[in-house]
Amino acid sequence: GLAFNAARNILYVADEYNNRVLAFDVADIVNGEDAAYVIGQVNFTSNIAGTSEDNLREPRGLAYDADRNILFVSDSNNHRVVAFNVGEKIKSAFGVLGQSDFTSNATGISAANFSFPTSLSYQNNSLFVGDQNNNRVLAFDVTDITNGEDAVKVFGQANFDTSQLPAGFGSASSLQTPVAVLASGN
């Protein structure tokens, strides 16, 4: 996943198997340049998977809220989405969706749980999460982020408590393993 902070010219890159997100200053792009800072690891040479506000386990999707300097990271193998305030290069998450706290990583099927979230899209205080193994996309109102909060809408399933695979080729209301989400418009 990629996300861009246009005000600071920072490109965020999910580095899945190194269990981190790298932030590159792209004001002057140089081939092979070093990242400016790292999220999810204590330094650039560590790649330990973890479950805390400071660690990640296979991050995939990224979404950026430019108004509040919040980077959302789908921490796929921790079955959660974590929120970082990146205005000051802070490396610890301040909010978590999909889990009730930063040290849990159980899968689930409800309005408050994920099973391998992969992709993210942010638009107007709404965060859309591709919940791959639950065959759905969840929408969250992230005006105020509360750890473990419920989603407000579900796409691809009839309700929050099902993860049915579509029969045959699916239908207009079903999803099978959504891996990319993009919200667009006002």
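Here, residue 1 is the first one in the sequence, and each next residue gets the next number.
- Taking the side chain as every heavy atom from C-beta outward, V82 and L56 approach each other to under 4.5 Å.
- Summarising the geometry, atom CG belonging to D150 is positioned 12.0 Å from atom CG belonging to D141; distances are rounded to the nearest 0.5 Å.
- Considering only heavy atoms from C-beta on, D161 comes within 4.5 Å of S110 through its side chain.
- Side-chain N or O atoms of S104 include none that pairs as donor or acceptor with a backbone N or O of D101 at under 3.5 Å.
- With hydrogens and angles ignored, the 3.5 Å screen pairs a side-chain donor or acceptor of Q157 with a backbone N or O of Q164.
- Not less than 6.0 angstrom separates the ring centroid of F84 from the ring centroid of Y37.
- A 4.5 Å side-chain heavy-atom check between I39 and V73 finds every atom pair outside the cut-off.
- Both Y64 and L62 belong to a common hydrophobic cluster when Ile, Leu, Val, Met, Phe, Trp and Tyr are linked at side-chain heavy-atom distances under 4.5 angstrom.
- Nearest heavy atom pair, residue N85 against residue G87, reads OD1-N, 3.0 Å.
- For N159, the CG atom is densely surrounded, since the number of other residues' heavy atoms within 6.0 Å is greater than 12.
- Residue-environment remark: CG (N43) exceeds the threshold of 12 foreign heavy atoms within 6.0 Å.
- Through direct or relayed side-chain contacts under 4.5 Å between Ile, Leu, Val, Met, Phe, Trp and Tyr, V42 connects to no other residue.
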| Steps toward side-chain contact (heavy atoms from CB on, under 4.5 Å) verdict (N113, H79) | CA-CA 8 Å; N113 297 112; H79 311 289; over 6 Å; no
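- Inter-residue side-chain proximity for F94 and I70 is flagged as met; some heavy-atom pair is nearer than 4.5 Å.
- Inter-residue side-chain proximity for R68 and N125 is flagged as met; some heavy-atom pair is nearer than 4.5 Å.
- Remark: the backbone N or O of N47 is paired with a side-chain donor or acceptor of N19 at under 3.5 angstrom.
- Inspection of the S92 and D54 side chains reveals an N or O donor paired with an N or O acceptor under 3.5 Å.
- The OG1 atom of T177 lies 7.0 Å from the CG atom of N133; values are rounded to the nearest 0.5 Å.
- Atom CZ of R60 sits about 10.0 Å away from atom OG of S119, to the nearest 0.5 Å.
- A donor-acceptor pair under 3.5 Å is absent between the side-chain atoms of N147 and the main chain of Q99, judged by distance alone.
- Nearest heavy atoms, S121 versus A183: OG-N, 2.7 Å.
- Side-chain N or O atoms of S76 include one that pairs as donor or acceptor with a backbone N or O of P117 at under 3.5 Å.
- In plain terms, the two heavy atoms of A36 and D25 that are nearest each other are CB-N, 4.3 Å.
- For Q132 against T118, the heavy-atom pair with the smallest separation is OE1-CG2, 2.9 Å.
- With hydrogens and angles ignored, the 3.5 Å screen pairs no side-chain donor or acceptor of T107 with any backbone N or O of S115.
- A side-chain hydrogen bond (donor to acceptor under 3.5 Å, both in side chains) with N105 is found for exactly one of D75, N78, N77, namely N78.
- In this structure, the side chains of E33 and D28 stay at 4.5 Å or more apart for every pair of heavy atoms.
- Cluster partners of F128 are V137, F155, L175, V181, counting Ile, Leu, Val, Met, Phe, Trp and Tyr whose side-chain heavy atoms approach within less than 4.5 Å, directly or via other members.
- Linking Ile, Leu, Val, Met, Phe, Trp and Tyr whenever their side-chain heavy atoms come within less than 4.5 Å puts F160 and L127 in one cluster.
- A pairwise comparison of heavy atoms in A112 and G148 identifies CB-O, 3.5 Å as the closest pair.
- The two residues I109 and R136 make their nearest non-hydrogen contact at CD1-NH1, 3.5 Å.
- Here the OG atom belonging to S74 is positioned 10.5 Å from the CD atom belonging to E58, to the nearest 0.5 angstrom.
- Remark: T103 OG1 to E53 CD distance equals 8.5 Å, nearest 0.5 Å.
- In this structure, S46 contributes its side chain and I48 its backbone to no donor-acceptor pair below 3.5 Å.
- The hydrophobic clustering, which links ILVMFWY residues whose side-chain heavy atoms are closer than 4.5 Å, places L71 and Y122 apart.
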| Step by step, would you call F72 with V142 a side-chain contact (heavy atoms from CB on, under 4.5 Å)? | CA-CA 10 Å; F72 295 97; V142 291; 3.9 Å; yes
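- Inter-residue side-chain proximity for Y12 and V86 is flagged as met; some heavy-atom pair is nearer than 4.5 Å.
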| N5 vs N69, side-chain contact (heavy atoms from CB on, under 4.5 Å): CA-CA, chis, key distance, verdict | CA-CA 8 Å; N5 176 339; N69 283 318; 3.9 Å; yes
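- Applying the 4.5 Å side-chain rule to ILVMFWY residues, one finds L2, F4, L11, V13, L22, F24, V26, I29, V38 in the same cluster as F44.
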